[in-house]
Asker: 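Handing you this structure, nothing more for now.
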Amino acid sequence: MEIPKDKKIVLFDGVCNLCNGAVTYIIKHDKKDVFRFASLQSELGRKLVSERGMDPDDLDSIILIEPGVAYFRKSTAALEISKDLSGGASLLQYFWFIPESLRDGIYNLVANNRYKWYGKKESCMIPTPELKSKFLD
């Protein structure tokens with residue numbers, strides 16, 4: 001699959017209920033059609049993670065890739081995503097003043113407990129036909 005150069009790619013844990021909820025929220029508030037999605041478990045997700053020198057078996061982080069520009073992980077990815085969303089999520093931009101180490105500490109706390117707190121699916125989310133074009137895998 002060819003990666004679109006004009007879209008930002010969100011890699012997410014496809015079996016995590018919290019992560020799937022976040023993807024649904026992003027899609028709903030992506031009024032400018034900025035984002036495309038792939039699960040970290042997919043062949044494409046694993047490839048994109050490996051190409052950036054990260055462990056493809058480390059599934060505890062959301063990753064935002066801006067093709068040809070940069071990639072972001074954890075809380076920085078969430079804040080970068082929020083820049084392009086409509087609605088209340090755009091308010092996350094005001095958290096840039098918090099040091100990344102503190103933001104990521106909170107992010108890690110949630111990430112390490114996400115299955116316990118929010119549950120887990122047996123398999124990755126299957127998008128509806130209307131949303132299929134938003135997913136790369």
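None of these values were measured; they are calculated from a predicted model.
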Asker: If you apply the rule salt bridge (charged side-chain N to carboxylate O under 4.0 Å, His left out), what do you find for Glu43 with Arg46, and how did you get there?
Answerer: CA-CA 5 Å; Glu43 185 178 326; Arg46 293 177 65 80; over 6 Å; no
Asker: Considering non-hydrogen atoms only, spot the tightest contact between Pro4 and Leu136 and give its length.
Answerer: CD-CD2, 3.9 Å
Asker: Taking all non-hydrogen atoms of both residues into account, name the closest pair between Arg114 and Ala111 and its distance.
Answerer: NH1-O, 2.5 Å
Asker: Does some side-chain heavy atom of Leu64 sit less than 4.5 Å from a side-chain heavy atom of Lys8?
Answerer: yes
Asker: Please check if atom OH in Tyr115 has more than 12 non-hydrogen atoms from other residues, nucleotides or ligands closer than 6.0 Å.
Answerer: yes
Asker: If you round to the nearest 0.5 Å, how far is CZ of Arg36 from CD1 of Ile9?
Answerer: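 Rounded to the nearest 0.5 Å, the CD1-CZ separation comes out at 10.0 Å.
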Asker: Distance from Phe35 atom CZ to Ile81 atom CD1, nearest 0.5 Å?
Answerer: 5.5 Å
Asker: Going through the distances and angles, do Lys7 and Asp33 end up as a salt bridge (charged side-chain N to carboxylate O under 4.0 Å, His left out)?
Answerer: CA-CA 8 Å; Lys7 301 294 180 189; Asp33 193 33; 3.2 Å; yes
Asker: State the CD-CD1 distance between Glu80 and Ile62, to the nearest 0.5 angstrom.
Answerer: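 Reported to 0.5 Å precision, the distance equals 12.0 Å.
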Asker: Once you round to the nearest 0.5 Å, how far does SG of Cys19 lie from CZ of Phe37?
Answerer: 12.5 Å
Asker: Does Lys47 NZ have over 12 foreign heavy atoms under 6.0 Å away?
Answerer: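 No.
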Asker: Got a second to check how far Arg52's CZ is from Ile63's CD1, nearest 0.5 Å?
Answerer: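 Those atoms lie 9.0 Å apart.
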Asker: In Å and rounded to the nearest 0.5 Å, what is the OG to CG distance from Ser61 to Leu11?
Answerer: 9.5 Å
Asker: Determine, step by step, whether Asp84 and Lys32 satisfy the side chain to side chain contact (heavy atoms under 4.5 Å, CB included) criterion, reporting the C-alpha distance in whole Å, the side-chain angles of both residues, the deciding distance to 0.1 Å, and the verdict.
Answerer: CA-CA 8 Å; Asp84 292 303; Lys32 298 176 189 168; 5.5 Å; no
Asker: Once the angle between the rings of Phe12 and Phe135 is folded into 0 to 90°, is it parallel (under 30°), tilted (30 to 60°) or perpendicular (over 60°)?
Answerer: perpendicular
Asker: Where do Leu102 and Ile98 come nearest, in terms of heavy atoms and distance?
Answerer: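 In this case the closest contact between Leu102 and Ile98 is CD2-CG2, 3.7 Å.
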Asker: Heavy atoms only: give me the nearest Ser42-Ser39 pair and the separation to one decimal.
Answerer: OG-O, 2.8 Å
Asker: Ignoring hydrogens, what is the shortest heavy-atom contact between Asn20 and Gly14? Give both atom names and the distance.
Answerer: ND2-O, 3.1 Å
Asker: So which atom in Ser75 and which in Asp104 form the shortest heavy-atom distance, rounded to 0.1 Å?
Answerer: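 Heavy-atom minimum between the residues: OG-OD1, 2.6 Å.
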Asker: Surrounding CD of Glu51 (heavy atoms of other residues, nucleotides or ligands, distance under 6.0 Å), is the total greater than 12?
Answerer: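 Counting other residues, nucleotides and ligands, CD of Glu51 exceeds 12 neighbours.
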Asker: Side chains of Trp117 and Asn112: closer than 4.5 Å at any heavy-atom pair?
Answerer: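 Answer no - side chains too far apart.
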Asker: Do Leu48 and Tyr71 come within less than 4.5 Å of each other through their side chains, counting heavy atoms only?
Answerer: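 No, every pair of side-chain atoms sits at 4.5 Å or beyond.
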Asker: Is it the case that one hydrophobic cluster holds both Leu18 and Leu109, taking links as side-chain heavy atoms less than 4.5 Å apart, direct or via other members?
Answerer: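 Same cluster: Leu18 reaches Leu109 through Ile, Leu, Val, Met, Phe, Trp or Tyr contacts under 4.5 Å.
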Asker: Verify the cluster assignment for Leu85 and Phe72: are they in a single hydrophobic cluster under the rule of side-chain heavy atoms below 4.5 Å apart?
Answerer: yes
